[in-house]
2 protein chains.
Amino acid sequence: MTDNDRLTEEKIFEAATEVFVDKGMDGARMQDIAIQAGINKSLLHYYFRTKDHLFNAVFEMTCRKLLRKFAPVFDENLSLEEKIRFFFREHITFLQENPKLPAFIMNEINRNPDRIKKLIKNIDIEKKWLELFEQHRAELEKYNITKESLPQVIISFAAISVFPFAAKGILEVFLEKTGTGFNRFIEERKSFAADFMIQAITHNTDTGK
Amino acid sequence: MTDNDRLTEEKIFEAATEVFVDKGMDGARMQDIAIQAGINKSLLHYYFRTKDHLFNAVFEMTCRKLLRKFAPVFDENLSLEEKIRFFFREHITFLQENPKLPAFIMNEINRNPDRIKKLIKNIDIEKKWLELFEQHRAELEKYNITKESLPQVIISFAAISVFPFAAKGILEVFLEKTGTGFNRFIEERKSFAADFMIQAITHNTDTGK
DNA sequence: TGTATTTTTGACCGTATGGTTAAACCATAT
DNA sequence: ATATGGTTTAACCATACGGTCAAAAATACA
C-alpha cells in the first residue's frame with residue numbers, strides 16, 4: 001500500500017520532471033504529465049495538490065541535483081590544478097547525461113527569481129568561497145587572484161562548463177557546419193576547458209587591479 | 001494613414017517584444033500585449049495574424065539584434081588583443097542594456113530548435129571563422145590555436161560574456177551575499193574578461209593536441 | 001459633402017486547461 | 001462476508017485563452 005503509494009508518487013515525479021524540463025512550467029500540461037506517468041490526471045492532484053506544488057517539488061529536486069555536483073570542488077583534498085581537471089571532467093560528464101538541466105533551471109529562475117532565493121538562502125556561499133580561498137591561498141596569491149576577483153574566476157569556470165549546454169540549440173547548428181558534431185565538441189571540451197582555464201589563471205601575475 | 005499605420009504596428013511590435021522577452025512564448029498572453037500597447041486585442045490579429053506570426057517576427061528581430069553585435073569581431077581591422085578588448089567592452093555593454101535577451105533567445109531556441117536553423121542557415125559561419133583565422137593566423141599559430149580548436153576558443157569567449165546574464169537570477173543571489181552587487185560585477189567584468197581570456201590564449205603554447 | 005476604404009473596437013466562439021467531486025476500486029482487518 | 005480506509009477513475013466545472021466577426025470610427029478620395 002504505502003509501497004505502491006510511493007511507487008505512484010515516484011512515477012508521477014519522474015514523469016513531471018521529464019515534461020517540466022522539456023517544456024518549462026508554462027509549456028507543460030498536467031494532462032501530458034498524467035499520460036507520461038500512465039495514470040489519470042486526477043491522481044496528480046491527489047498526490048501534489050496543484051501544478052505549482054508539483055512544479056516546485058520538481059524544481060527544487062532538480063536544483064539540488066545540479067548544485068550537489070559542485071560540492072567536490074570545495075570538499076575534496078586535491079591541489080588546485082587537480083581540482084580544476086576534476087571539476088570539468090565530472091561536471092561536463094554530468095551535463096552530458098542531463099543536457100537540458102541548465103537551460104531549464106536558468107529559464108525558470110529568470111522567470112521567477114524568488115523561487116531560487118528560498119533555495120539558496122541556506123547555503124552560506126560566502127563561507128564556502130572563503131574556505132576555498134584559504135585552502136589554496138598560496139597558489140591563488142601566486143596567480144594574483146584575490147578575494148575580490150574570486151567571484152569573477154569561479155563564475156567564469158561555471159560559464160565555460162555550463163554555457164555550451166544552455167546554448168545547445170544554437171551551437172548544434174554552428175558546430176554541424178564546421179564538421180564537428182555537438183557530442184564530439186563536448187567530449188573534447190572536458191580536457192580543453194581544464195587546460196584553457198589553468199593557463200588563464202597560472203600566468204595571471206601581471207594583471208594589476 | 002500609412003504613417004499612423006506604421007506607428008501602431010511599431011507600438012505593437014515593441015509591446016510584444018517586451019512581453020515575449022519577459023514571459024517567453026508560452027507565458028505571454030495576447031491580452032497582455034494588447035494592454036501594453038494600449039490597444040484592442042483584435043488589432044494584434046489585424047496586423048500580425050496569429051500569436052505565432054507575432055512571436056516569429058519579434059524573435060527574428062531580436063536574434064538579429066544580438067548577432068549583429070558579433071560582427072565587428074570579424075570585420076574591424078584590429079589586432080587580436082584589441083579585438084578581444086573591443087569585443088568584451090561592446091558586447092557586455094550591449095547586454096547590460098538588454099540583460100534578458102540571452103535567456104530569452106536560448107530558451108526559445110531550445111524549446112523549438114527548428115526556428116533558429118532557418119535564421120542561421122544563411123550565415124556561412126565556416127567561412128567567417130576561416131576568415132578570422134586567416135586574419136590572425138600568425139598570432140593564433142603562435143598561441144597554438146588551430147582551426148580545430150578555434151570553435152572551443154570562440155565559444156569560450158561567448159560563454160564568458162553571455163553566461164552571467166543568462167544566469168542572472170542565480171548570480172544576483174550569490175553576489176549579493178559576497179557584498180558585490182550584480183551591476184558592479186558586470187561593470188568589472190568588461191576588463192576582467194578581456195585580461196583573463198588574453199592570458200588564457202597567449203600562454204597557450206605548451207598544450208599539445 | 002457623400003462615398004469608399006482602411007483602421008479600431010466590443011462582443012462573441014470554441015476549445016484547452018487546471019482543478020473538483022462523487023463514485024468505483026481494492027487491500028486489509030475484524 | 002463485510003466494513004473501513006486509502007487509492008484511482010470518469011465525468012464535470014469554471015475560466016482563460018487564441019482567434020473571429022460584424023459594426024463603428026476614422027481616413028482618403030470624388
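Reminder, nothing fancy here: chain letters follow the sequence lines and each chain counts from 1.
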Residues 61-74 of chain A side chain polar contacts: donor-acceptor under 3.5 Å, at least two apart:
| residue | atom | partner | partner atom | Å |
| --- | --- | --- | --- | --- |
| A:Thr62 | OG1 | A:Val58 | O | 2.7 |
| A:Arg64 | NH2 | A:Glu60 | OE2 | 2.8 |

Residue-phosphate contact under 4.0 Å: B:Tyr47 side-chain N/O, C:dT8 OP1/OP2
yes
To the nearest Å, how far apart are A:Tyr46 OH and C:dA23 P?
17 Å
Sequence neighbours excluded, the answer for ring-ring contact (aromatic ring centres under 6.0 Å, His included) partners of B:Phe48 is none
Between atom NE2 in B:His45 and atom C1' in D:dT20, what is the gap in whole Å?
9 Å
Salt bridge A:Glu134-A:Arg137, side-chain N to carboxylate O under 4.0 Å:
yes
Can you list every side-chain hydrogen bond (donor to acceptor under 3.5 Å, both in side chains) pair that touches residues 22-31 of chain B, not counting sequence neighbours?
B:Asp22-B:Lys100
Atom pairs and distances, donor-acceptor, side-chain atoms in residues 34-41 of chain B, under 3.5 Å, two or more places apart:
| residue | atom | partner | partner atom | Å |
| --- | --- | --- | --- | --- |
| B:Gln36 | NE2 | B:Glu18 | OE2 | 3.1 |
| B:Asn40 | OD1 | B:Ser42 | N | 2.7 |
| B:Asn40 | OD1 | B:Ser42 | OG | 3.2 |

Distance below 4.0 Å between B:Thr50 side-chain N/O and D:dG18 OP1 or OP2:
no
When the distance from CG of B:Leu44 to P of D:dC17 is rounded to whole Å, what number comes out?
14 Å
Could you identify which residues of residues 18-43 of chain B place a heavy atom less than 4.0 Å from some atom of DNA chain D, listed by residue number, or say none?
B:Ala28, B:Arg29, B:Met30, B:Lys41, B:Ser42
Rounded to the Å, how far apart are B:Lys51 NZ and C:dT15 C1'?
15 Å
Answer with yes or no after comparing the ring centroid distance for A:Phe20 and A:Phe59 against a 6.0 Å cut-off, counting only values under it.
no
With B:Ser79, which residues qualify under side chain to side chain contact (heavy atoms under 4.5 Å, CB included), at least two apart?
B:Glu81, B:Glu82, B:Glu139
Side chains of residues 156-169 of chain B: which donor-acceptor pairs under 3.5 Å do they make with residues two or more places apart or in other chains?
| residue | atom | partner | partner atom | Å |
| --- | --- | --- | --- | --- |
| B:Ser156 | OG | A:Arg189 | NH1 | 3.4 |
| B:Ser156 | OG | A:Arg189 | NH2 | 2.9 |
| B:Ser156 | OG | B:Gln152 | O | 2.6 |
| B:Ser161 | OG | B:His91 | ND1 | 2.7 |

For B:Lys83, all residues meeting salt bridge (charged side-chain N to carboxylate O under 4.0 Å, His left out), sequence neighbours excluded
none
Rounded to the Å, how far apart are B:Leu7 CG and C:dT8 C1'?
15 Å
Strand-adjacent residues in residues 52-60 of chain A, judged by heavy atoms under 4.0 Å from DNA chain D
none
Length of the line joining A:Phe48:CZ and D:dT7:C1', which is rounded to integer Å
15 Å
If I take atom CZ in residue A:Arg49 and atom P in nucleotide C:dG19, what distance separates them, rounded to the nearest angstrom?
10 Å
